[in-house]
Amino acid sequence: MKKSIFVVLAGVAFFCIFYGIRYVENPVDTQAAILEVYENKVDTSGYIVRNEQVYSAPAAGTVYHYLQEGTRVKKNSVLSTVYTGGVSEETLRELNNINSKIAELKNSGGYTVSGSAGGNDIENIRKNIISAGIRGDTSGMEGYKMQLSSVITGDVQSGSSDSIDALAERKQALEAGMMNYKNDIYSQMSGVFSKNVDGLETVLTPQSIMSYKAADYNGIAEEMKSTDTVTDTDQPVCKVVNNHTWYVMLTVDRQTADKLKINQKAKLRFEYLPGIEADAQICYISTEDSDTDKNVVVLKSEQYKEGVFSIRFSGIELILESYEGYRVPVSAIRIVDNERGVLVKNGGTQVFKPCNIIYSDTKGQTAIIRPVSGAANMLREYDNIVVGEK
């Protein structure tokens with residue numbers, strides 16, 4: 001019996017000694033102060049709305065667009081041509097290929113890929129790069145890079161201006177043969193060119209969406225894109241978009257809408273435009289019946305963002321607030337001498353460091369804190385913040 005009691009007491013003593021040592025060495029839980037950005041955002045979807053002017057075909061025929069999607073244009077610029085009569089799609093494809101090759105050769109200094117390379121080619125490319133650098137022209141650098149790569153692999157042949165001249169001659173012959181079948185379309189406003197006519201240009205306008213409600217939003221017809229190369233008279237061919245001011249119309253739940261205000265600033269990200277983030281401002285919030293769980297919100301942006309003028313509908317991240325600081329549990333916040341802050345483990349001691357609470361999430365029981373600038377004990381990144389108790 002005595003032996004059994006001794007064994008039990010020895011076990012208890014071992015337990016106390018083992019865990020007592022661990023307690024002394026690491027008595028509290030800590031976490032490193034890692035700087036992060038917290039975003040209060042809403043995942044939704046919506047329509048991009050712009051002032052858009054649609055241009056229709058003056059005659060039935062085959063459409064040729066002179067501009068790439070998203071190209072900026074001036075007023076009275078030629079946008080597209082509708083060729084009638086004996087002009088085939090094959091002829092237009094050849095013309096388009098010629099124009100692309102001419103532009104490519106001009107950007108790359110007049111070289112074509114097809115043969116064997118010599119030492120003179122490298123020297124010519126070097127001179128072109130130096131000349132471009134002196135002019136401050138970096139537009140052809142990618143072409144020069146491709147040339148050098150082709151020279152190294154033995155796939156380049158100096159074409160000088162001969163290839164461009166030959167292509168220009170063929171282009172002139174093609175255009176001369178199509179002159180009598182040519183119907184040009186000119187821009188009546190400056191903006192951004194797009195061939196993606198979807199039928200919503202007159203339905204979704206900056207004026208009309210300022211009165212939309214959830215029912216109107218849900219009733220928007222599916223877009224009907226018109227990008228055919230063969231067209232009939234008066235059919236939409238292309239459009240020019242005002243690129244100075246544009247709008248995004250989306251829906252949010254009622255609880256979120258109740259927290260929004262007119263003129264409130266926000267940021268927008270688009271599912272179909274990776275890497276694009278636009279500053280915007282709320283300019284309209286719909287008023288809804290009490291039994292409606294969604295509200296329409298319209299935001300205005302005056303930032304030029306490439307690609308945003310060619311899409312109509314997209315998944316959208318609406319970023320309402322952004323906080324940069326250190327995320328800690330709410331329980332880690334301490335009050336010392338009426339000042340909020342956190343305890344930081346420094347060796348065997350704990351040091352109080354004041355901080356400002358810039359955001360708290362009562363639901364998740366977390367807070368974003370920022371150091372008090374100029375404080376004697378200023379919280380710094382990678383400090384070990386005490387988040388547990390002894």
Side-chain angles (χ1 to χ4, degrees), residues 8-44 252-269 277-282 285 295 297 299 316-390:
V8 171
L9 292 174
V12 171
F14 175 80
F15 178 88
C16 293
I17 292 171
F18 177 77
Y19 285 98
I21 292 173
R22 291 188 61 184
Y23 178 78
V24 170
E25 290 180 345
N26 187 23
V28 294
D29 293 330
T30 64
Q31 71 174 44
I34 305 296
L35 196 65
E36 63 176 275
V37 176
Y38 174 82
E39 294 179 335
N40 177 15
K41 64 182 181 180
V42 179
D43 291 319
T44 181
V252 298
D253 60 64
R254 161 148 271 176
Q255 186 177 8
T256 299
D258 288 341
K259 300 176 183 178
L260 302 180
K261 297 179 180 179
I262 299 297
N263 296 325
Q264 179 179 338
K265 293 182 179 180
K267 291 184 182 294
L268 296 164
R269 296 194 193 110
E277 183 177 279
D279 293 329
Q281 191 172 22
I282 296 174
I285 304 170
N295 287 71
V297 177
L299 298 98
I316 293 173
E317 283 187 350
L318 173 62
I319 299 96
L320 299 171
E321 297 170 297
S322 181
Y323 310 97
E324 185 177 65
Y326 306 114
R327 183 197 297 269
V328 297
V330 171
S331 59
I333 307 297
R334 319 296 169 111
I335 299 178
V336 176
D337 295 332
N338 295 321
E339 191 173 28
R340 285 186 173 85
V342 293
L343 293 175
V344 171
K345 185 180 177 183
N346 186 7
T349 63
Q350 295 180 9
V351 180
F352 178 77
K353 296 194 174 184
C355 62
N356 296 316
I357 301 173
I358 58 176
Y359 175 81
S360 61
D361 176 11
T362 54
K363 183 178 180 181
Q365 289 296 300
T366 61
I368 304 295
I369 61 175
R370 188 177 294 163
V372 173
S373 180
N377 292 319
M378 187 173 171
L379 181 64
R380 301 187 184 279
E381 193 163 16
Y382 301 115
D383 276 349
N384 290 314
I385 298 175
V386 176
V387 295
E389 299 286 351
K390 283 189 177 181

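In this chain, numbering begins with 1 at the start of the sequence shown. Note: hydrogens, waters and symmetry copies are ignored here, and every other heavy atom, side chains too, is used.
Taking the side chain as every heavy atom from C-beta outward, Thr256 and Leu318 never approach each other to under 4.5 Å. Arg334 has its side chain within reach of Val386: a pair of non-hydrogen atoms, C-beta onward, lies under 4.5 Å apart.
With sequence neighbours excluded, the residues forming a side chain to side chain contact (heavy atoms under 4.5 Å, CB included) with Pro371 are Tyr326, Met378, Leu379, listed by chain and number. Applying the side chain to side chain contact (heavy atoms under 4.5 Å, CB included) criterion to Asn356, with sequence neighbours excluded, gives Val372. Residues passing the side chain to side chain contact (heavy atoms under 4.5 Å, CB included) test with Val336 are Phe352, sequence neighbours excluded. Judged as a salt bridge (Lys or Arg N to Asp or Glu O under 4.0 Å), and not counting sequence neighbours, the contacts of Arg327 are Glu36. Applying the salt bridge (Lys or Arg N to Asp or Glu O under 4.0 Å) test to Glu39 and every residue at least two apart in sequence or in another chain returns Arg269. Listed by chain and residue number, nothing satisfies the salt bridge (Lys or Arg N to Asp or Glu O under 4.0 Å) test with Glu324 (two or more places apart in sequence, or in another chain). The side chain to side chain contact (heavy atoms under 4.5 Å, CB included) check on Ala278 picks up Trp246, Ser301, Gln303, Lys305, with sequence neighbours excluded. Residues satisfying the side-chain hydrogen bond (donor to acceptor under 3.5 Å, both in side chains) criterion with Thr44, sequence neighbours excluded, are absent altogether.
Put simply, CG on Leu320 and NZ on Lys259 are 9.5 Å apart, with the number rounded to the nearest 0.5 Å. To the nearest 0.5 Å, atom CG of residue Asp29 and atom CG of residue Asn384 are 11.5 Å apart.
Asp253 places a side-chain N or O within 3.5 Å of a backbone atom of Gln255 that can act as its donor or acceptor partner.
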Scan the side chains in residues 260-267 for donor-acceptor partners under 3.5 Å anywhere in the protein, sequence neighbours excluded, and list what turns up.
unit_1	atom_1	unit_2	atom_2	d
Gln264	OE1	Lys261	N	3.0
Lys267	NZ	Asp279	OD1	2.6

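Here the closest heavy-atom approach between residue Leu268 and residue Ala280 is recorded as CD1-CB, 3.7 Å. The two residues Pro354 and Ala375 have their closest heavy-atom pair at CG-CB, 3.7 Å. When every heavy atom of Ile358 is checked against every heavy atom of Tyr323, the shortest pair comes out as O-CE2, 3.5 Å.
Residue Asp258 qualifies as enclosed at atom CG: its count of foreign heavy atoms under 6.0 Å is above 12.
Listed by first and then second residue, the salt bridge (charged side-chain N to carboxylate O under 4.0 Å, His left out) pairs involving residues 367-386 are Lys353-Asp383 (not counting sequence neighbours).
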